[in-house]
Amino acid sequence: MLFTTASGICLLLFSVSAEAMKLSCSIIHPLPIASERHVFNSMHSTLPKQEDYEEVCIIASVKVNGSDVEVTFPKHRHIELFYPTIPIIGSDLFRQLDDVTLNLELRKGTVNELLYGTSRLNHLKISDTGLNHFEVLPAYDYTLQTLVIHERLITVLPTNLDFLAGLKLLDLSGCSLTIVDLSRLVGLSSLSALNLADNQLSSVEAGDDTELPALTKFDVQQNELLRIDRFPEMFPALKYTRIMQNRWDCEWVSEVRDKIWRKNITVLGTDFRCGRRINNGGLCCSYAHPFRARLAVAKALLTALDELSAVSNDVSAGAQSIDPLITFKVFENETIDGVIGVEMRNVGIYLQDPIGTV
């Protein structure tokens, strides 16, 4: 039954005028495209076996314009509303689903606002409906395991997500999020996969004590991120991550690469074309300050020259260990300005201007 709190009171008083609608399947068939329709983790592209496919009841072109319509759904485990026209979906829609229905998908059509209430659903997916507002009732729900929203008009993190205490997969890829505060998800102790790919994220925020203890997969590819503080420390169980196609700061990348290596985290995907940016171990990045870039280049160049000098000395001395004739060095002070110097025996020559001078 679709109604808001106010309209629910009217329905109790004038229930005789309520309109009834009995829905039936337009077509029933197995899920044809596992990577799009089956409940899945988008970080893996392996298709399920044929016996893993499930019959879906597709109900096409449902139109519900009133808030006092009593809806009777068919008894199917997986229902898809294809091209529905339901501008506002209240929490009562989920209560009217049959007990056997565990999966619900809303695809295409028009659904502007949705208020999710306690239900028996395990999986809910919403895509390309024009949804611009998604809210969860402030009542704990331990049943829903998967929430997938692919809606370009969603610009902020849905309200009260932390009340979905049983959630294991949260997929908000393909939305238009600009800022995500992970502290709003701390109540999701079972969350194992978080997909924020293909948004407009410029910041992923977290408090000093924010931690998602069960998260094993984290995806933020194709955003506008420069850095993520406390990554990956706030995900102690992290095993897989995908972070390419962002605007990373090179110093952050170097720092995080070391942490990822020590924690044995698998990085999925890599950047191939960086243009004028630097490719740092498969990630395109830029230095926040020009002198840091020049310092990094100078270090790399001088390290290479130093190695060539050592090889040359080894060859000339019959592979015997001798002191190098020339030593190339980069000296840094507390301001991180760098000075290039050349030392030969007891003589040192250094550039007058530090690399940090613009």
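All figures in this text were calculated on a predicted structure; none of them were measured in a lab. All residue numbers refer to positions in the sequence shown, counting from 1.
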[X] and [Y]: which non-hydrogen atoms are nearest, and at how many Å?
{"X": "Leu191", "Y": "Leu170", "answer": "CD1-N, 3.7 Å"}
{"X": "Val220", "Y": "Ile243", "answer": "CG2-CG2, 3.7 Å"}
{"X": "Leu23", "Y": "Val71", "answer": "CD1-CG1, 3.6 Å"}
{"X": "Pro213", "Y": "Ser189", "answer": "CG-O, 4.2 Å"}
{"X": "Asn246", "Y": "Arg277", "answer": "O-NH1, 2.8 Å"}
{"X": "Ser119", "Y": "Asp141", "answer": "N-OD2, 3.5 Å"}

In Å, rounded to the nearest 0.5 Å, how long is the span from [atom1] of [X] to [atom2] of [Y]?
{"X": "Leu238", "Y": "Glu233", "atom1": "CG", "atom2": "CD", "value": "11.0 Å"}
{"X": "Ile58", "Y": "Glu105", "atom1": "CD1", "atom2": "CD", "value": "8.5 Å"}
{"X": "Gln245", "Y": "Thr270", "atom1": "CD", "atom2": "OG1", "value": "10.0 Å"}
{"X": "Leu201", "Y": "Glu224", "atom1": "CG", "atom2": "CD", "value": "9.0 Å"}
{"X": "Ser176", "Y": "Asn132", "atom1": "OG", "atom2": "CG", "value": "11.5 Å"}
{"X": "Leu121", "Y": "Leu97", "atom1": "CG", "atom2": "CG", "value": "5.5 Å"}

Decide yes or no for [X] and [Y]: does some side-chain heavy atom of the first lie under 4.5 Å from some side-chain heavy atom of the second?
{"X": "Asn112", "Y": "Leu131", "result": "no"}
{"X": "Cys25", "Y": "His76", "result": "yes"}
{"X": "Phe163", "Y": "Leu137", "result": "no"}

Are side-chain N/O atoms of Ser254 and Asn280 paired as donor and acceptor at under 3.5 Å?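 Present: a donor and an acceptor within the cut-off.
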Are His133 and Glu135 linked by a side-chain donor-acceptor pair shorter than 3.5 Å? yes
Passing option when Thr129 is tested against Glu151, Lys108, Arg107, His150 for side-chain hydrogen bond (donor to acceptor under 3.5 Å, both in side chains):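 Going through Glu151, Lys108, Arg107, His150 one by one, the side-chain hydrogen bond (donor to acceptor under 3.5 Å, both in side chains) with Thr129 is satisfied by Glu151 alone.
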Knowing that exactly one of Asp99, Asp98, Thr101 qualifies, which makes a side-chain hydrogen bond (donor to acceptor under 3.5 Å, both in side chains) with Arg120?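 Testing Arg120 for a side-chain hydrogen bond (donor to acceptor under 3.5 Å, both in side chains) against Asp99, Asp98, Thr101 leaves exactly one candidate, Asp99.
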Criterion side chain to side chain contact (heavy atoms under 4.5 Å, CB included) on Trp248 and Leu226, from CA distance to verdict: CA-CA 4 Å; Trp248 299 121; Leu226 298 176; 5.6 Å; no
Let me check something: do [X] and [Y] share a hydrophobic cluster, defined by ILVMFWY side-chain heavy atoms less than 4.5 Å apart, either directly or through other members?
{"X": "Leu115", "Y": "Leu167", "value": "no"}
{"X": "Ile228", "Y": "Val186", "value": "no"}
{"X": "Met234", "Y": "Val267", "value": "yes"}
{"X": "Ile27", "Y": "Phe82", "value": "yes"}
{"X": "Leu177", "Y": "Leu153", "value": "no"}

Looking at [Y] and [X], is any side-chain nitrogen of the basic one under 4.0 Å from a carboxylate oxygen of the acidic one?
{"X": "Asp198", "Y": "Arg152", "value": "yes"}
{"X": "Arg227", "Y": "Asp229", "value": "yes"}
{"X": "Asp92", "Y": "Arg95", "value": "yes"}

Heavy atoms from other residues, nucleotides or ligands near NZ of Lys259 exceed 12 (cutoff 6.0 Å): yes
How about Asp208: does its CG atom have over 12 heavy atoms from other parts shown lying under 6.0 Å from it? no
Derivation of the ring-ring contact (aromatic ring centres under 6.0 Å, His included) call for Phe231 and Phe218: CA-CA 11 Å; Phe231 176 83; Phe218 180 64; 5.8 Å; yes
Could you walk me through whether Leu124 and Leu144 pass the side chain to side chain contact (heavy atoms under 4.5 Å, CB included) check? CA-CA 8 Å; Leu124 174 62; Leu144 193 68; 4.1 Å; yes
Should Thr118 and Tyr140 be marked as a side chain to side chain contact (heavy atoms under 4.5 Å, CB included) after you check the CA-CA gap, both sets of side-chain angles, and the distance that decides it? CA-CA 8 Å; Thr118 303; Tyr140 284 103; over 6 Å; no
Below 2.5 Å, is that where the SG pair of Cys274 and Cys284 sits? yes
Decide side chain to side chain contact (heavy atoms under 4.5 Å, CB included) for Leu157 and Asp181; before the verdict, give the C-alpha distance in whole Å, the side-chain angles of both, and the deciding distance to 0.1 Å. CA-CA 8 Å; Leu157 203 63; Asp181 184 357; 5.7 Å; no
